[in-house]
> 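A single structure is presented below for examination.
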Number of protein chains: 2
Amino acid sequence: MNKNFDEPLCVQCNQDFKTIFHKLTPEQLEYLNNVKSCTVVKKGRILYEEGNRISGIFCINKGILKVYKTGVEGKEQIIKFAKPGEVIGYRSVINGEPACTSVKILEDAVLCHINSQDLYHLLKENAEFGIELLQIACKELGEANNYITDIAQKSVRERLAEILLHLKDEFGINEEGLINISLTREELANIIGTATESVIRLLSEFKTEGLIELQGRKIKLIDLNKIKKISNVF
Amino acid sequence: MNKNFDEPLCVQCNQDFKTIFHKLTPEQLEYLNNVKSCTVVKKGRILYEEGNRISGIFCINKGILKVYKTGVEGKEQIIKFAKPGEVIGYRSVINGEPACTSVKILEDAVLCHINSQDLYHLLKENAEFGIELLQIACKELGEANNYITDIAQKSVRERLAEILLHLKDEFGINEEGLINISLTREELANIIGTATESVIRLLSEFKTEGLIELQGRKIKLIDLNKIKKISNVF
DNA sequence: TAGCAAAAATAATAATTATCAGCTATTTAA
DNA sequence: TTAAATAGCTGATAATTATTATTTTTGCTA
């Protein structure tokens, strides 16, 4: 994966994904490269759980992660998915609080860990970097506000249509047109806040109506316009 | 209100509420005081609307503001209330996007406006200030995640109980024990994402069950323990 | 302070969604 | 490779919540 072994990994990662680190000076990137620690984490592993103290942030080089909260009676609520180029855990580090979400690896991942102190070192040295992280936080905040409005106002059917469109945009499709993420019906239900059975029912309705095709957990969107219409997104 | 007319308003405001500006140097506070513009805004006025370009952030010195999005078919979704010491509009300024929420004045307000350029000037000059704003954003993000989980998983009854407790915590109670914020039933419905009639019905159920007392729009919580039990918050 | 408009309350009905139970298919791990 | 576990599916039923319509109350202002 590393095209040029003379370049520090962080420089390359940054080039590939345009991470939050792209405002760092070459020296600061070098510093980052020296203090970070990189690990391979297998699918299925839980990186950290809600309530844990975490020692730093994770920068994702490879893989897909599920970020979720545990709500009423242990029910999982998926907050977001994280993918290469994104950073997770900064909320807890910045606020000095225990993690407010759990993170599970959905697809084998390569993660770089940056200690809180090292992060703070960079934040204090480079105001532009702080602004960069602030922009990420603000972007997520805007997305969260949209999420709130959707869950509060839309029906389960509308939300399912919307989430299918989102997943397609976020993860893209493969050669066969299938969305590049494998989620169980239960996970889909835990994104939109409904019962697993409802998702199953609605998916087969969508299929019957010719809106989608199903191949196990993989989904192909056939009639984008109708799906958009159902989702109420414009 | 200004106890000492020798001190710039921003210094006093900062002392009263411990705003995001408390990491600024005295010179920077002085600068802020010179570039900000303060206005009195009457109850009922709309400060800005979703989609507007806003020229800066607002720091609240006095009043209560309602921050909301317009969702499906124009239905209002209340995202949060803002009160003295808080700052609004920073999300849009930081991301250089149009406002993603509308803001309405619920109680006569005194607002200080700070231009985007002036904000950026401070952000670039003082990394600590950036971290401070980042902390605010992260705090709001954490709250938004909780909000998502609640709306997605709890019943309307649970959410109503929870929001009553929240409002009491956030705005406090007066001598008579009434929560210090006046919301219409419709606004309560627009916080928890339900129909106005449902809120009306549940409030009168709560009243019948001896959990609350109602005096017009003012609400008094009688049996906190039972309300907590209903809300499923621990 | 009468008159009006907005908000609140109530009831009946309809629609949506959850829950439960039982079954089949698919993965996973021994 | 097979057993066990997990996930997926379907139907029946129950519960919750939305919608509609109507009446009453409240608060505002002319």
Side-chain angles (χ1 to χ4, degrees), chain A residues 42-45 66 71-78 104-108 150-163 181-208 212-219 230-232, chain B residues 42-44 66 71-77 104 106-107 150-163 178 181-209 212-219 230-232:
Chain A
K42 283 279 166 196
K43 173 178 171 176
R45 254 209 57 200
K66 173 172 79 175
V72 192
E73 289 162 60
K75 190 170 197 285
E76 163 183 302
Q77 178 61 42
I78 297 179
K104 186 172 183 174
I105 314 294
L106 291 191
E107 287 188 13
D108 290 356
D150 282 347
I151 298 190
Q153 300 196 350
K154 290 185 177 179
S155 69
V156 173
R157 188 181 173 84
E158 290 171 315
R159 279 180 270 154
L160 179 59
E162 184 173 3
I163 218 64
I181 186 172
S182 278
L183 299 172
T184 64
R185 307 296 194 248
E186 186 177 10
E187 282 170 330
L188 281 170
N190 294 344
I191 303 172
I192 66 183
T194 189
T196 309
E197 294 92 328
S198 297
V199 167
I200 291 171
R201 243 183 281 276
L202 285 167
L203 280 180
S204 66
E205 276 179 36
F206 283 1
K207 188 180 159 192
T208 311
I212 62 172
E213 276 174 16
L214 298 170
Q215 285 185 32
R217 290 183 189 165
K218 291 282 188 175
I219 300 171
I230 292 173
S231 77
N232 248 318
Chain B
K42 284 280 166 197
K43 173 178 171 176
K66 173 172 78 175
V72 193
E73 290 163 61
K75 190 171 196 284
E76 164 183 303
Q77 179 61 41
K104 186 171 183 176
L106 290 191
E107 288 186 14
D150 282 347
I151 297 190
Q153 299 196 352
K154 290 186 177 178
S155 68
V156 173
R157 189 183 173 83
E158 291 170 314
R159 278 180 271 154
L160 179 59
E162 184 173 3
I163 218 62
L178 300 165
I181 187 173
S182 278
L183 299 172
T184 64
R185 306 296 195 248
E186 187 176 9
E187 281 170 329
L188 281 170
N190 293 345
I191 303 172
I192 66 183
T194 189
T196 309
E197 294 90 330
S198 297
V199 167
I200 291 171
R201 191 154 1 90
L202 285 167
L203 281 179
S204 66
E205 277 178 36
F206 283 0
K207 188 180 158 190
T208 311
E209 295 166 29
I212 62 171
E213 276 174 18
L214 297 170
Q215 285 185 32
R217 289 183 190 167
K218 291 284 187 174
I219 300 172
I230 292 173
S231 78
N232 248 320

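Each chain gets a letter, A, B and so on, in the order its sequence line appears, and its residues count up from 1. Excluded from the calculations below are hydrogen atoms, water molecules and symmetry mates; all remaining heavy atoms, backbone and side chain alike, are included.
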> What integer distance in Å separates Lys218(B):NZ from dA8(C):C1'?
18 Å
> Please determine whether a side-chain nitrogen of the Lys or Arg among Lys66(B) and Glu76(B) lies less than 4.0 Å from a carboxylate oxygen of the Asp or Glu.
yes
> Looking at Lys43(A) and Asp108(A), is any side-chain nitrogen of the basic one under 4.0 Å from a carboxylate oxygen of the acidic one?
no
> Compare every heavy atom of Ala161(B) with every heavy atom of Ile230(B), then report the nearest pair and how far apart it is.
CG2-CB, 3.7 Å
> Polar atoms only, N or O, under 3.5 Å: list the protein pairs with nucleotides 5-8 of chain D and their distances.
residue, atom, partner, partner atom, Å
dA7(D), O3', Arg217(A), NH2, 3.2
dG8(D), OP1, Arg217(A), NE, 3.2
dG8(D), OP2, Arg185(A), N, 2.9

> Roughly, in whole Å, what's the span from CD in Glu73(B) to C1' in dT19(D)?
13 Å
> Could you check how far CG of Asn190(B) sits from P of dT17(D), rounded to whole Å?
16 Å
> Rounded to whole angstroms, how far apart are NZ on Lys43(B) and P on dG27(D)?
11 Å
> Gln77(B) and Gly193(B): which non-hydrogen atoms are nearest, and at how many Å?
OE1-CA, 4.1 Å
> Going from CG on Leu160(B) to CD1 on Ile192(B), what distance comes out if it is rounded to the nearest 0.5 angstrom?
4.5 Å
> Just the table, please: protein N/O against nucleotides 16-19 of chain C N/O, every pair under 3.5 Å.
residue, atom, partner, partner atom, Å
dT17(C), OP1, Val156(A), N, 2.8
dA18(C), OP1, Thr194(A), OG1, 3.1
dA18(C), OP2, Thr194(A), OG1, 2.4
dA18(C), OP2, Ala195(A), N, 3.4
dA18(C), OP2, Ser198(A), OG, 2.7
dT19(C), O4, Arg201(A), NH2, 3.1

> Kindly compute the distance separating CG (Asn190(B)) from NZ (Lys75(B)), expressed to the nearest 0.5 Å.
4.5 Å
> Any salt bridge between Arg157(B) and Glu205(B), counting N to O under 4.0 Å?
yes
> Rounded to the nearest angstrom, tell me the gap between atom CG in Leu214(B) and atom P in dT10(C).
10 Å
> Can you tell me the distance, in whole Å, between the CD atom of Gln215(B) and the P atom of dG27(D)?
11 Å
> Is there a side-chain contact between Arg185(B) and Leu203(B) in this structure, where contact means two heavy atoms from C-beta onward sitting under 4.5 Å apart?
yes
